[in-house]
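A short write-up of the structure that comes next.
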Amino acid sequence: MRVTWSGGELTFRLDPEDEITGRAADDHPVKLATNSCSIGGVPADAHPDLFAVAAWTIVAPWTRRRITFDRAVSAEVAGALHDGWGIEAGPVGAEPRRAGNRLAISYSGGADSVAAAAIHPSAPFVHFRRVPHPRVPNRWTHYRSDVLAKLAERTGRELTTVTSDLEFTLAEPRPGYPEHHAVAAGALLLADRMNLGGLGFGYELGSRWLGGDRYLLRFTPDNPMWAPHGAWGRLFAAAGVHIVLPVGGVSEAVTMRLALNSELKDQVRWCLRGTDGPCRTCGKCLYKELIQAAVERRPLDTPVTADRPVARKWLQPPPYGGQEMIEYGLARVPGIERSLFAKALDHFEATEESTSWLDHCYPPAIEEIPEPWRTEAAAFLTSKVGLMTEAEVRQVETWGA
């Protein structure tokens with residue numbers, strides 16, 4: 001793979017051994033659509049390691065043996081690419097980037113990132129906004145990135161919005177991030193200007209410790225995407241921008257509660273389709289409604305019925321995506337036996353007691369937060385959430401066994 005930057009314009013060319021269809025870090029197949037993309041509002045003089053890592057978040061799935069950058073990178077970044085992916089990277093010759101002092105939040109506006117923002121109330125936001133690609137048709141026109149960006153502007157927090165068409169580098173499965181980490185490409189290129197030493201993501205307990213978006217459905221301490229000692233964690237650290245997971249030790253029930261109780265509650269939006277509010281009919285709205293109803297101890301409020309395609313999976317046996325939260329909802333939502341989730345009750349014996357571990361924080365997640373921001377996160381999570389008991393810790397560490 002050969003990559004070239006011209007300001008915020010990235011062009012890449014595959015080597016003979018590279019592949020049009022590759023796999024992301026979560027093993028999901030992704031097919032390449034085009035070999036260029038742009039990132040708007042970023043400086044042209046960022047450290048070369050930042051350009052290198054930003055490019056890698058985009059081209060990693062298709063790169064097999066080597067990557068050649070258009071400027072020298074540090075031995076630390078080249079070493080992280082080699083150790084994490086077996087990739088030969090060069091040219092090598094730059095001094096390593098020194099980590100900055102600030103933490104920024106990669107802010108989507110969903111409950112998880114709002115919860116992360118509540119833990120670090122002085123951290124600025126970097127918001128990623130999808131824009132059209134000049135050569136690739138938009139096959140996902142219902143995605144309202146403009147609405148999400150406007151909501152981010154209303155938070156009153158220090159905000160930088162990064163525009164990019166990088167999601168259109170994918171032909172299949174749909175427009176999306178080649179790697180989950182590509183959402184950080186703009187923040188990486190802004191790291192020098194913003195004096196960043198860490199970037200906070202809203203990935204929670206299920207994503208960090210229970211399989212990384214539930215692809216494994218078991219306790220995964222060595223999660224390759226989000227563990228600080230994993231390939232991505234080491235690469236970001238080599239570029240002086242540590243991956244920080246403020247809510248990595250708590251469930252989506254906790255992030256929902258924190259978000260709805262925060263000063264940003266009016267800007268919370270997990271739906272990518274709605275304009276004046278959530279669409280209430282997509283699969284994500286249905287899943288989040290189950291969690292919100294469980295947190296608020298009320299019946300489901302959804303127009304989705306069991307005959308709708310988005311409900312089909314709940315009529316099938318598990319495993320389910322976010323299964324720990326399905327069990328949490330089954331145990332707490334009044335009248336769940338008369339809802340479209342009734343079939344799921346046949347497969348679980350979930351009770352409030354058996355799912356109570358999902359109301360507390362998994363302590364090792366706090367220990368993973370880099371020192372400059374650990375004290376603030378620990379104080380918040382200890383006082384507002386509470387730490388798991390030893391028995392609850394075992395629930396996490398035996399999940400899926």
Side-chain angles (χ1 to χ4, degrees), residues 41 100-129 145 147-162 177 180-181 183-188 190-191 193-208 226 236 241-272 277-278 284 288 291-292 295 360-362 365-366 368-386:
N101 298 321
R102 302 183 77 196
L103 172 73
I105 302 294
S106 178
Y107 183 77
S108 69
D112 301 331
S113 68
V114 169
I119 293 173
H120 299 288
S122 63
F125 292 165
V126 180
H127 178 69
F128 182 100
R129 179 179 174 182
S145 63
V147 173
L148 298 180
K150 289 175 182 176
L151 286 169
E153 291 171 1
R154 294 174 189 161
T155 61
R157 295 278 283 265
E158 180 185 340
L159 171 70
T160 301
T161 296
V162 173
Y177 302 118
H180 290 274
H181 307 76
V183 70
L188 285 165
L190 287 162
R193 179 183 291 176
M194 298 180 68
N195 190 28
L196 298 185
L199 185 62
F201 297 87
Y203 291 99
E204 35 62 54
L205 183 74
S207 296
R208 166 60 186 95
W226 304 116
F236 270 61
V241 183
H242 292 271
I243 289 175
V244 181
L245 304 184
V247 294
V250 300
S251 71
E252 289 177 270
V254 172
T255 61
M256 178 69 75
R257 176 167 60 82
L258 294 176
L260 295 179
N261 289 333
S262 81
E263 61 181 16
L264 304 181
K265 61 181 182 297
D266 294 335
Q267 285 78 47
V268 175
R269 179 71 59 81
W270 47 78
C271 178
L272 306 179
K284 190 168 187 179
K288 291 293 187 179
I291 298 171
Q292 186 173 355
V295 169
H360 304 125
C361 180
Y362 181 58
I366 298 177
E368 282 192 343
I369 296 174
E371 182 59 42
W373 308 288
R374 187 185 308 152
T375 299
E376 183 174 52
F380 183 100
L381 292 166
T382 301
S383 63
K384 304 292 187 183
V385 178

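Side chains included, hydrogens not; waters and symmetry mates left out as well; all remaining heavy atoms used. Note that the coordinates shown come from a computational prediction; the quantities given were computed from them, not determined experimentally.
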Can a donor-acceptor pair be found between the side chains of Thr255 and Glu252 at a distance below 3.5 Å?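 No, no side-chain donor-acceptor pair sits under 3.5 Å.
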Quick check: closest heavy atoms across [X] and [Y], and the distance to 0.1 Å?
X	Y	result
Arg193	Gly41	NH1-O, 3.9 Å
Pro370	His242	CG-CB, 3.8 Å
Ala117	Leu264	CB-CD1, 4.2 Å
Ala365	Gly248	CB-C, 3.8 Å
Ser106	Leu199	N-CD1, 4.0 Å
Gly206	Glu204	N-OE1, 2.7 Å

Atom [atom1] of [X] and atom [atom2] of [Y]: how far apart are they, to the nearest 0.5 Å?
X	Y	atom1	atom2	value
Leu190	Asn195	CG	CG	12.5 Å
Phe125	Arg157	CZ	CZ	3.5 Å
Leu245	Ile119	CG	CD1	10.5 Å
Glu376	Leu381	CD	CG	10.5 Å
Ile366	Thr375	CD1	OG1	10.5 Å
Asn101	Leu196	CG	CG	10.0 Å

Pairwise side-chain contact, [X] with [Y], heavy-atom cut-off 4.5 Å (strictly under):
X	Y	value
Val254	Val247	no
Pro278	Arg269	yes
Leu159	His127	yes
Phe201	His180	no
Leu258	Val385	yes
Val114	Tyr107	yes

Checking Met194 against Val126 for the side chain to side chain contact (heavy atoms under 4.5 Å, CB included) test, could you report, in this order, the C-alpha distance in whole Å, the side-chain angles of both residues, the deciding distance, and whether it holds? CA-CA 10 Å; Met194 298 180 68; Val126 180; 4.0 Å; yes
Does Thr382 use its side chain to pair, donor to acceptor, with the backbone of Ala379 at less than 3.5 Å?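 No; judged by distance alone, with no hydrogens or angles, the pair does not exist.
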By the salt bridge (Lys or Arg N to Asp or Glu O under 4.0 Å) test, which pairs, at least two apart or in different chains, include something from residues 101-111?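 Qualifying pairs, neighbours excluded: Arg102-Glu158.
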Do the ring planes of Phe236 and His181 sit parallel (below 30°), tilted (30 to 60°) or perpendicular (above 60°)?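 Because their plane-to-plane angle lies in the 30° to 60° range, the rings of Phe236 and His181 count as tilted.
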Counterpart residues, salt bridge (Lys or Arg N to Asp or Glu O under 4.0 Å), relative to Glu368 (two or more places apart):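 If we apply the salt bridge (Lys or Arg N to Asp or Glu O under 4.0 Å) test to Glu368, skipping adjacent residues, the hits are Arg208.
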Apply salt bridge (charged side-chain N to carboxylate O under 4.0 Å, His left out) to the pair Glu153 and Lys150, showing each step before the final yes or no. CA-CA 5 Å; Glu153 291 171 1; Lys150 289 175 182 176; over 6 Å; no
In chain order, what residues pass the ring-ring contact (aromatic ring centres under 6.0 Å, His included) check against Tyr177, with sequence neighbours excluded?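 In terms of ring-ring contact (aromatic ring centres under 6.0 Å, His included), with neighbours along the sequence ignored, Tyr177 is linked to Phe128.
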